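Worksheet: one structure, shown below.
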Amino acid sequence: MERTGLTSWDFDRLPETFEQTSHGRSVHGYPALVDRGDRVDIKVWDTKSQAHRSTVIGIRRLLLLNTTPPWKRVLAILSNEQKLALGHNPHGSVPALLDDALAAAVDSVVEQMPGAVVRSRKTSIGRWRS
């Protein structure tokens with residue numbers, strides 16, 4: 001069930017619950033996507049709320065990993081004055097500021113999803129194309 005190093009949604013479905021018997025005992029858990037920065041892992045959490053929070057953030061990471069930001073085009077059309085004005089930001093650089101803006105846009109899209117969590121490849125692809 002658990003996997004590491006995912007950079008795209010390369011599995012069919014992320015189940016809502018997981019159950020396995022080990023040494024005569026039944027183990028229950030909640031599979032979730034986990035943001036690892038440059039990749040996403042699938043981990044089984046103890047509680048549904050942990051899994052939900054983790055998966056929303058994991059979906060965000062998968063979207064960001066599969067988005068090519070248009071920063072070269074954006075920066076090419078800005079004047080030097082505009083670049084200097086944008087340079088005075090808490091992120092330390094214009095590209096870092098733009099990356100944060102992209103992450104905020106992705107967060108907004110994820111928040112607007114009915115049910116807030118995508119669980120299947122088909123659903124994730126369909127939602128992001130509409």
Side-chain angles (χ1 to χ4, degrees):
M1 169 54 49
E2 294 190 341
R3 291 182 55 193
T4 60
L6 302 171
T7 56
S8 65
W9 195 293
D10 67 356
F11 50 96
D12 288 328
R13 180 155 179 73
L14 182 65
E16 290 188 42
T17 61
F18 174 76
E19 185 175 338
Q20 182 176 359
T21 302
S22 178
H23 304 291
R25 299 184 81 173
S26 185
V27 178
H28 298 273
Y30 301 89
L33 300 176
V34 179
D35 180 359
R36 300 291 187 207
D38 62 344
R39 69 189 194 290
V40 173
D41 296 343
I42 297 176
K43 176 182 176 177
V44 179
W45 290 95
D46 295 335
T47 68
K48 188 174 185 175
S49 62
Q50 286 175 310
H52 176 77
R53 283 191 305 274
S54 181
T55 297
V56 169
I57 296 168
I59 289 169
R60 172 192 197 226
R61 178 57 55 199
L62 281 179
L63 287 169
L64 289 171
L65 289 172
N66 289 281
T67 300
T68 304
W71 303 154
K72 284 186 180 182
R73 286 184 285 145
V74 169
L75 293 173
I77 62 172
L78 295 177
S79 68
N80 284 336
E81 187 176 286
Q82 290 168 324
K83 289 176 190 175
L84 285 172
L86 288 174
H88 295 288
N89 70 72
H91 301 292
S93 71
V94 174
L97 172 67
L98 296 173
D99 285 340
D100 188 49
L102 177 61
V106 169
D107 286 345
S108 178
V109 170
V110 171
E111 286 175 11
Q112 292 176 19
M113 293 171 22
V117 176
V118 172
R119 294 242 165 229
S120 72
R121 181 180 186 155
K122 182 178 178 182
T123 304
S124 68
I125 292 169
R127 287 185 189 209
W128 307 124
R129 289 192 178 157
S130 46

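It should be emphasised that the depicted structure is a prediction, and the values quoted were computed from it without experimental measurement. Atom set for the values below is all heavy atoms of this structure, side chains included, hydrogens, waters and symmetry mates excluded. For the single chain, residues carry numbers from 1 onward in sequence order.
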**Prompt:** Closest heavy-atom contact between S8 and N66?
**Reply:** CA-ND2, 3.9 Å
**Prompt:** Distance only, no hydrogens: is a donor on one side chain within 3.5 Å (strictly under) of an acceptor on the other, for W71 and D99?
**Reply:** yes
**Request:** Using the rule that two of Ile, Leu, Val, Met, Phe, Trp, Tyr join whenever any of their side-chain heavy atoms come within less than 4.5 Å, decide whether L84 and L98 are in one cluster.
**Result:** no
**Request:** Say whether F11 and Y30 are linked into one hydrophobic cluster, either directly or through other cluster members, by side-chain heavy-atom distances under 4.5 angstrom.
**Result:** no
**Prompt:** L65 and I57: same hydrophobic cluster, using ILVMFWY side-chain contacts below 4.5 Å?
**Reply:** no
**Prompt:** Is there a path from V56 to V40 through hydrophobic residues (I, L, V, M, F, W, Y) whose side chains come within less than 4.5 Å of each other?
**Reply:** yes
**Complete:** CG (D100) and CG (N89) are apart, to the nearest 0.5 Å, by 9.0 Å
**Rounded distance [0.5 Å steps], CD1 in I77 versus NZ in K83** = 10.0 Å
**Message:** I need the minimum non-hydrogen distance between A103 and R60, along with the two atoms involved.
**Reply:** CB-NH2, 2.8 Å
**Item:** Taking every non-hydrogen atom, the tightest pair across W45 and A51
**Value:** CD1-CA, 3.7 Å
**Asked** What distance do S54 atom OG and I59 atom CD1 have between them, rounded to the nearest 0.5 Å?
**Response** 10.0 Å
**Message:** Rounded to the nearest 0.5 Å, what separates atom NE2 in H28 from atom OG1 in T17?
**Reply:** 9.0 Å
**Request:** For L33 and W9, run side-chain contact (heavy atoms from CB on, under 4.5 Å): C-alpha distance rounded to whole Å, both residues' side-chain angles, the deciding distance at 0.1 Å, then the answer.
**Result:** CA-CA 10 Å; L33 300 176; W9 195 293; 3.8 Å; yes
**Crowding at CD, E81 (>12 non-hydrogen neighbours, <6.0 Å)** = no
**Prompt:** Can any side-chain N or O of R61 pair as donor or acceptor with the backbone N or O of D38 at less than 3.5 Å?
**Reply:** no
**Item:** Value rounded to 0.5 Å, distance of CG in L62 from CG in L64
**Value:** 9.5 Å
**Prompt:** Quick one: OG1 on T7 to CZ on R36, what's the gap to the nearest 0.5 Å?
**Reply:** 15.0 Å
**Minimum heavy-atom distance E16-P31, with the two atoms named** = O-CD, 3.6 Å
**Asked** Under a 4.5 Å cut-off applied to non-hydrogen side-chain atoms, are V44 and V27 in contact?
**Response** no
**Fill in**
Exactly one candidate in I42, D41, V34 meets side chain to side chain contact (heavy atoms under 4.5 Å, CB included) with L6; the answer is I42
